[in-house]
Amino acid sequence: MTHWGIGEFGHFALCLAWILSIVGVIGGALGGARRSDGWFALSLQSTVLCAMCAGLSLLALGWMFVTNDYSNQYVWQYSNREMETIYKITAIWGGMDGSMLLWAGMLTFCTALLALQARHHERQLMSWVIAVANTSTLFFLHIVVFETNPFRYVQSSFIPPDGNGLNPLLQNPYMAIHPPMLYAGFTAFAIPFAFCIGALLSGRLSNEWLRLSRRWTLIAWGFLTAGIVLGGHWAYLELGWGGFWAWDPVENASFLPWLTGTAFLHSVMVQERKNMLRFWNVWLIVLTYGLTVFGTFLTRSGVVQSVHAFASTDIGEVFLQYLAAVFIVTAGLTWYRRLELRSERSLESLFSREAAFLLNNLVLLGIMFATLWGVMFPVLSEALTGQKQAVGIPFFNAVNVPIFLFLIFLMGVGPLIAWKRASWSSLRRAFLMPAVGGFLAGCALLWGGVTGFYPVLSYSLCAFVTLTILAELHRGIKAQRGAGGEVEPLPHSITRLFRRHTTRYGGYLIHLGVVVMTIGITASMAHKVEREFTLAQGATYEIGRYAITLTSLEEVNMRNYIALRARAEVRVRGSEQPYATLLPELRMYRRNQENTTEVALNMSLREDLYLILSGISDDNRAVFKVYINPLQVWLWIGTLVMLLGTAIVLLPRAGTLVARRVPVKAKEQEVEI
Amino acid sequence: MMFFLASALLAVAITWALTRAFFYPHSELPSSSLERNDDALRSLREQRARTVQMLKDLELDYSTGKVPQEDYQEMRARLGHELAQILEALERTTPSIDVA
């Protein structure tokens, strides 16, 4: 028997997972088509076992990293002995092969959770859903087993004593959580997609599939939001250019499904309430899933250049074939079920909540297509003219900023406008106060010296949306007090309102988070101050309200890098008290001889002071770059508010919780409403 | 050798689990009338909670002037009808446990 070590075990478990996903597809399809309990049970069992095997495979790879097993090519390529254990673990997703394994592993985990949920629901629908979810899993496992196997040996009989090391930019705590968050979002979107296609296959096109997949959609959206913003925070801290979003193709790849996912979350409300947009919703979730796959294709095929992209490979074609299959099958199914997918009603007025939601969807899709166009422009220009022409940040900002601002406006309009048809008097009643408030905020800003059309418009719209949310909260409390006939303290009223209407008020909180983010983004884009300067030891440079003094420059020897560290003391001008000490670094990683800059950041609610040590000049002075980013921290705070809102929406409703908890062993007695 | 044995054991355990699930599906799925009723009741109770929630939302929308009178009455009637059906189904499902 040849050597059979942990690598073989990991690969064997991976192959078993691949086989089990095939069993899951066949079992689910036959369970749905023949209404057979045996096949259904088989598909559920194989789905759970598939996740277990993929998990074992991931553990095996992780173990090889932690134990410095350089007989494995992937481990050799992405780690070395000097790396801290945490980065040896995060190196699992530092390269193409491991990241695909993590992706497939997380997908099998989501599918297994779905299988555990499925046994308590209607079997024909769930059989098909499990079959579709396993098809997704099968595709990704197929890629890992046959194209990007991370368990290959180094291509020589000699086992290297040390590895190549992980890219220094990825040796950052954010890299430990950003990719898994993003992958959790991407993979969880496969479940609502499976529900949608399962409903089309089984013909069960009532709103049941939306209800069952709603929680999955929200979880996926929450993870994707967190993943995208963590990526932005990583870029802000690690890439050293003073910004957080460069419209990089890989950043855009994660943003595209977020946009369509957001559109889907809004349009399902119209379907649930009015039985409209049924065809539209099917395509939105398929598009969202398709864009998660497309994002993987972009990152890994080498068609676009990016600091985040993995090495170019030839798996792009397989991804495109799979995407084509997904869209062809969906087109066939939606045509086959076209009569059942027809809406029960049509749009009665442009001044209605349905119309506002539809417009919101169109705007989100507009941003998606504009971004996609920008991402694909280099590829298209090369195909048509033979010359690769890229579009940069100015293109994306010029196109997307006005559309985004319109979206913010709609965010204020949507929750306040009436369903079906809004009368002029109701529109006036709902919007007069917020509109006047937004206008006055704009005037106050102009009077206060804020210039520029977009910043003033953006802040005014933020004021308008905040006032609409507050007005809505006020109306809700008033209605609740009217219904209860009692006057209770305001915090109690708000808590009760949130508990009774988690979806609605959690949603408003998400909107408030978007407003806070928008203020942070606008301020940091419009009022950023940026300077480059040199300083001799002991000298001081003044910028904005700060005075920066270079007190020392020292060489630091760490485990796997050498750094030149500057110590800069910061004072607020006019004050003798020290305000902050900043320690920017220039690092050189020994193993792969790569240089990086480590940003020194002083964050406050008012502004970020962001200092980079760029190098040493010929006359031995330290070269610095400094940014003052006003209100930057509000971008991150806004994200936390959004995630809090998502968590509130996800809270189980009181009645549902009772329904789940009460054991059913006796005659049903409680029918309280 | 240890990893080879672990691999073999894994393959055998999976084959056993799959065979058992296929030939004895009720070891995996809720099968007895009591268990099936548990699932049905859970699902009905969830539907009831959801419909009640939709009624609460509708009331709030109506009281804050976001649903016109005619629409409110129609939607309230529809949701009321759905709720009545769910409650009827709950009534029908519950006594069967006693029989089981």
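Every chain is numbered from 1 and lettered A, B, ... according to where its sequence line falls, protein lines coming before strand lines. Every value quoted in this text rests on a predicted model; they were computed, and no experiment measured them.
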Student: Which heavy atom of L60(B) sits nearest a heavy atom of G476(A), and at what distance?
Tutor: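 In this case the closest contact between L60(B) and G476(A) is CD1-CA, 4.0 Å.
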Student: Check whether R504(A) gets within reach of chain B through its side chain, its backbone, both or neither, counting any heavy atom under 4.5 Å.
Tutor: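 Only the side chain of R504(A) comes within 4.5 Å of chain B.
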Student: What residue in S63(B), A6(B), S7(B) has the most heavy-atom pairs under 4.5 Å with chain A?
Tutor: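 Looking at each option in turn, the highest pair count goes to S7(B).
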Student: Do you know which of E8(A), M52(A), R353(A) has the most heavy-atom pairs with chain B at a distance under 4.5 angstrom?
Tutor: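 Among the listed options, the one with the most contacts to chain B is R353(A).
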Student: Which atoms form the tightest heavy-atom contact between Q45(A) and A21(B), and what is the distance?
Tutor: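 Smallest interatomic distance, heavy atoms only, reads CB-CB, 3.7 Å.
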Student: Nearest 0.5 Å, what's the OG-CZ distance between S36(A) and F22(B)?
Tutor: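 Here the interatomic distance stands at 6.0 Å.
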Student: Measure L79(B) against the heavy atoms of chain A and call it side chain, backbone, both or neither at under 4.5 Å.
Tutor: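 Neither part, no heavy atoms under 4.5 Å.
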Student: Counting neighbours of OH on Y72(B) that are heavy atoms of other residues, nucleotides or ligands and sit closer than 6.0 Å, is the number greater than 12?
Tutor: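 For Y72(B), atom OH is crowded (more than 12 foreign heavy atoms under 6.0 Å).
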Student: Heavy-atom cut-off 4.5 Å, strictly under: side chain, backbone, both or neither for I417(A) against chain B?
Tutor: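 Backbone only.
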Student: So, D61(B) and R475(A), do they make that salt bridge, N to O below 4.0 Å?
Tutor: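 Salt bridge flag = no for R475(A) with D61(B).
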Student: Between F40(A) and P25(B), is any pair of side-chain heavy atoms under 4.5 Å apart?
Tutor: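 Not in contact.
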Student: For a quick test of reading the model, state the closest non-hydrogen atom pair linking K56(B) to R500(A) and the distance between them.
Tutor: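 Smallest interatomic distance, heavy atoms only, reads CD-NH2, 4.0 Å.
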Student: Would you find more than 12 non-hydrogen atoms of other residues, nucleotides or ligands less than 6.0 Å from R34(A) atom CZ?
Tutor: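 For R34(A), atom CZ is not crowded (no more than 12 foreign heavy atoms under 6.0 Å).
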Student: Anything under 30° is parallel, anything over 60° is perpendicular, the rest tilted; go ahead and classify F3(B) against F9(A).
Tutor: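 Ring orientation of F3(B) relative to F9(A): tilted.
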Student: To the nearest 0.5 Å, how far apart are SG in C53(A) and CD1 in I14(B)?
Tutor: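 Interatomic distance, C53(A) SG to I14(B) CD1, rounded to 0.5 Å: 3.5 Å.
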Student: Working to the nearest 0.5 Å, report the span between CG of L42(A) and CZ of F23(B).
Tutor: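 CZ of F23(B) is found 9.5 Å from CG of L42(A).
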Student: Which heavy atom of E272(A) sits nearest a heavy atom of M54(B), and at what distance?
Tutor: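 Closest approach of E272(A) to M54(B), heavy atoms only: O-CE, 3.8 Å.
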Student: Tell me, side chain or backbone of I6(A) under 4.5 Å from chain B's heavy atoms, or both, or neither?
Tutor: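 Both the backbone and the side chain of I6(A) come within 4.5 Å of chain B.
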Student: Verify side-chain contact (heavy atoms from CB on, under 4.5 Å) between L18(B) and L20(A), making sure each step is shown before the conclusion.
Tutor: CA-CA 9 Å; L18(B) 290 182; L20(A) 286 164; 3.6 Å; yes
